[in-house]
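A short worksheet on the structure shown next.
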Amino acid sequence: GAVRQATFEELSVEIPEGTTLLMYTDGITEARSASSAFFGPERLGEMVRQYGMGEKALSAQSLADRLYKKVRKFAEDRLNDDLSVLVVRF
């Protein structure tokens, strides 16, 4: 791993039905527009609130696809890092 001799605690949690879990790399939030603005966690959060929650929530695959396309459009396809996203719906 990245830290030698790191210790970790194992635990279990119950995840309620309907929960959406979103995991992503920093390439998502650190994507930059032509004006050097970051996509940032605020835009990411807004997308999750708009498309990932409630009765009108997109499927996990559709949410991942929409997020990927939105970030690429925001950065005008000038990406300097990987874009990885995983959406799991429980």
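All residue numbers refer to positions in the sequence shown, counting from 1. Predicted model only: the values in this text are computed from it and were never measured.
Listed by first and then second residue, the salt bridge (charged side-chain N to carboxylate O under 4.0 Å, His left out) pairs that reach into residues 73-90 are Arg72-Asp77, Glu76-Arg78, sequence neighbours excluded.
Counting side-chain heavy-atom gaps under 4.5 Å among Ile, Leu, Val, Met, Phe, Trp and Tyr, the cluster of Val13 also holds Leu11, Ile15, Leu21, Met23, Leu86, Val88, Phe90.
When all heavy atoms of Thr29 and Tyr24 are compared, the pair lying nearest together is CG2-CE1, 3.5 Å. Scanning all heavy atoms of the two residues, the minimum distance from Ala31 to Ala75 falls at CB-CB, 4.3 Å. When all heavy atoms of Leu58 and Leu63 are compared, the pair lying nearest together is CB-N, 4.0 Å. Across every non-hydrogen atom of Phe74 and Phe39, the tightest pair is CE2-N, 3.3 Å.
With a 4.5 Å cut-off on side-chain heavy atoms, Val85 and Val71 do not count as touching. Using a 4.5 Å heavy-atom cutoff, the side chains of Leu67 and Val87 are not in contact.
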### Query
Hey, mind stepping through Leu22 and Val48 against side chain to side chain contact (heavy atoms under 4.5 Å, CB included) and telling me if it holds?
CA-CA 9 Å; Leu22 172 69; Val48 171; 3.5 Å; yes

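Rounding to the nearest 0.5 Å places OG of Ser84 at 9.5 Å from OH of Tyr68.
Salt bridge absent: Glu46 and Arg43 never bring a charged side-chain N and a carboxylate O closer than 4.0 Å.
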